[in-house]
Chemist: 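Questions regarding the structure given below will be posed in turn.
Both backbone and side-chain heavy atoms feed into the values below; hydrogens, waters and symmetry mates do not. Letters A, B, ... are given to chains in the order of the sequence lines, protein chains preceding strands, and every chain is numbered from 1. Since we're looking at a predicted model, the values are computed, not measured.
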Protein chains: 2
Amino acid sequence: MQPEKLENLEPDTERKILEAAGKVFMQKGRLGASMQDIADEAGINRTLLHYYFRNKEKLFDTIFTKLLSQVFPTMVEAFASDRPFMEKIRIFVETYADLLKENPYLPVFVFQEISLNPDRLAGIIKHVGVDPDLALKGLTKEMESLGVHGMDPRHIIANLLGMVLFPYIGRALFQKIAFQDDTEAYEKFLEDRKEQVPRFVNMALQGSGQGPGQSRKHP
Amino acid sequence: MQPEKLENLEPDTERKILEAAGKVFMQKGRLGASMQDIADEAGINRTLLHYYFRNKEKLFDTIFTKLLSQVFPTMVEAFASDRPFMEKIRIFVETYADLLKENPYLPVFVFQEISLNPDRLAGIIKHVGVDPDLALKGLTKEMESLGVHGMDPRHIIANLLGMVLFPYIGRALFQKIAFQDDTEAYEKFLEDRKEQVPRFVNMALQGSGQGPGQSRKHP
DNA sequence: GTCTTGTTTAACAAAAATGTCAAACAATAT
DNA sequence: ATATTGTTTGACATTTTTGTTAAACAAGAC
């Protein structure tokens, strides 16, 4: 009777839409991207977008959660492994360098969207398959065994994320001001950071033999 | 004849508009903010916005350049001074912590806008009253005298900016995941970073006695 | 007073984007 | 062949936002 769920007779329209939407949304932001833009990028009629994903919000939600459920695991994965601390750092930096190389607009896009609409977070954090509290405790232990005492590991995380993300978040600005807008030089810089960032962290942790955060040596 | 340019009979409408527009634009982004939103925030009629600033683009431009010509000098100022290196770092971090505390949406706003519309940069970089190349050369020298050889100072800058900005750029996300959404705890964390970031940089530079960036020790 | 000038407002026009609908189309089943 | 099902399209309706215009208003000049 029924043509038994032919699923794939829609050639690859849905895939094309998802690809195009991902690209356009990341580049222009949720508000900057029009349905027409996306349809053009996908090479299809705009009405088809509505046929496949009722409306813009639903299309965006699909893209956004899809994206994050891809990015988050990658992020925690590096830290969840049982390799030695500095190894984790190195893997994390390298993994992210690759991810960002292919999706340079991702960080600004994600943070802008979350800052605009924090509620979205609730439905997404589920996708993080790791207990953050547990992970932090683990980090603390590892740091202690490295001789770093009394330092909240979240500072390390913030430092690391900041150092890794900044060159992408601030690229247009930073490249123009500090590299005279030399794209090639900047790409080399990005490549160098795979080595520089872990080294920087390593140095910072090697040298920190002093106690908790109350000592201060201001003039 | 003419009532000699009474400038100030417009009570403080223009100021109110600029304030409101700054706030709303930063919070919602250029595209997310409607003229009505801004008028509401300022407590005036929407048409007045057009009376004072012809159209949305002009209003936005005014805000954006005003904002950046306020932020950039603050940024370079810390580095242009002739204090010792670590002192500069400390001043920079502290200055920015204060600025960001009052304008938490600023980084995402600025970077999103620049990434969306890089052309705006051209007209703005003029406001940087410092030659970046010169500043970088200066930094290199200072680092050398600290015993750090062969390291591109731009890595330090990127590290520093990243570490300072990330807790604001990623706040919604980071606070939720790593602080169980405890706002107070996060604010304390932000406060702590004024001390932690310079210390981290200090440690990293103290310990870096090895040579330039060509040695690599991968597995 | 009334004239002039600049400010503010409401009503309207125009533009841009989203969303809906019914008809055309392709492919397979009967 | 035609009926059925899912896909694609163009035309239309709705909504949202921006921009314009003309009239009301306030205040000082004369």
Side-chain angles (χ1 to χ4, degrees), chain A residues 1-64 109 112-113 116-117 120, chain B residues 1-64 109 112-113 116-117 120:
Chain A
M1 271 281 146
Q2 295 138 302
E4 90 246 2
K5 278 286 190 106
L6 51 176
E7 293 275 11
N8 292 32
L9 268 198
E10 36 182 286
D12 45 2
T13 312
E14 186 160 343
R15 192 188 48 71
K16 278 199 295 184
I17 292 178
L18 287 173
E19 241 166 71
K23 184 173 169 187
V24 175
F25 273 136
M26 270 207 276
Q27 219 169 97
K28 303 196 171 190
R30 178 169 54 88
L31 297 154
S34 76
M35 293 294 263
Q36 190 61 61
D37 290 338
I38 295 169
D40 289 350
E41 174 73 31
I44 58 166
N45 187 291
R46 183 175 62 83
T47 313
L48 259 191
L49 298 181
H50 289 95
Y51 178 70
Y52 280 92
F53 307 84
R54 197 143 192 84
N55 56 37
K56 189 178 178 180
E57 205 190 314
K58 288 217 172 59
L59 173 56
F60 181 81
D61 263 15
T62 307
I63 296 290
F64 198 66
F109 168 64
Q112 157 85 357
E113 190 50 40
L116 229 67
N117 194 344
R120 245 185 257 282
Chain B
M1 270 283 148
Q2 296 140 303
E4 90 247 2
K5 275 287 188 104
L6 51 176
E7 294 274 12
N8 294 31
L9 270 196
E10 36 182 287
D12 45 2
T13 312
E14 187 161 342
R15 191 188 48 72
K16 277 199 297 185
I17 291 178
L18 287 174
E19 241 165 71
K23 185 173 169 187
V24 175
F25 273 136
M26 270 207 278
Q27 219 169 99
K28 303 196 171 189
R30 176 170 54 88
L31 296 154
S34 76
M35 294 294 263
Q36 190 61 58
D37 289 338
I38 296 169
D40 289 350
E41 174 74 31
I44 60 168
N45 187 292
R46 183 175 62 84
T47 314
L48 260 190
L49 297 180
H50 289 95
Y51 178 71
Y52 280 93
F53 306 85
R54 198 144 191 82
N55 56 37
K56 189 178 177 180
E57 204 190 313
K58 288 217 173 59
L59 173 56
F60 181 81
D61 264 14
T62 308
I63 296 290
F64 198 65
F109 168 65
Q112 157 84 357
E113 190 51 40
L116 229 67
N117 194 344
R120 245 185 258 282

Chemist: Could you check how far CG of A:Leu49 sits from C1' of D:dG10, rounded to whole Å?
Modeler: 15 Å
Chemist: Separation of A:Asn45 atom CG from C:dT20 atom P, in whole Å?
Modeler: 15 Å
Chemist: Are B:Tyr51 and C:dT7 close enough that a side-chain N or O sits under 4.0 Å from OP1 or OP2?
Modeler: yes
Chemist: Report the distance from atom CZ of B:Phe25 to atom P of D:dT17, rounded to the nearest whole Å.
Modeler: 14 Å
Chemist: Please list, for nucleotides 18-21 of chain D, all pairs of protein and nucleotide N/O atoms separated by less than 3.5 Å.
Modeler:
residue, atom, partner, partner atom, Å
D:dT18, OP1, B:Met35, N, 3.4
D:dT18, OP1, B:Lys56, NZ, 3.0
D:dT18, OP2, B:Met35, N, 3.1
D:dG19, OP2, B:His50, NE2, 3.3
D:dG19, OP2, B:Lys56, N, 3.1
D:dG19, N7, B:Arg46, NH1, 3.0
D:dG19, O6, B:Arg46, NH2, 2.7

Chemist: Any chance you could measure A:Ile17, atom CD1, to A:Phe53, atom CZ, to the nearest 0.5 Å?
Modeler: 5.5 Å
Chemist: Using side chain to side chain donor-acceptor pair (under 3.5 Å) as the criterion, list what pairs up with A:Glu41, not counting sequence neighbours.
Modeler: A:Lys23
Chemist: For B:Asp37 and B:Ser34, indicate whether the former's side chain and the latter's backbone hold a donor-acceptor pair under 3.5 Å.
Modeler: yes
Chemist: May I ask you to evaluate whether A:Thr13 reaches the phosphate of D:dT7, defined as a side-chain N or O under 4.0 Å from OP1 or OP2?
Modeler: no
Chemist: How many Å lie between CD on A:Glu14 and C1' on D:dT8, as a whole number?
Modeler: 15 Å
Chemist: With a 3.5 Å cut-off and no angle check, do the side chains of B:Glu113 and B:Asn117 form a donor-acceptor pair?
Modeler: no
Chemist: Report the distance from atom CG of A:Leu48 to atom P of C:dT20, rounded to the nearest whole Å.
Modeler: 15 Å
Chemist: Can you confirm whether A:Val24 sits close enough to A:Gln27 that some side-chain heavy atom of one is under 4.5 Å from a side-chain heavy atom of the other?
Modeler: no
Chemist: Rounded to the nearest Å, what distance is computed from the NZ atom of residue A:Lys58 to the P atom of nucleotide C:dT18?
Modeler: 15 Å
Chemist: When you measure from the side chain of B:Lys56 to the backbone of B:Arg30, do you find a donor-acceptor pair of N or O atoms at a distance under 3.5 Å?
Modeler: yes
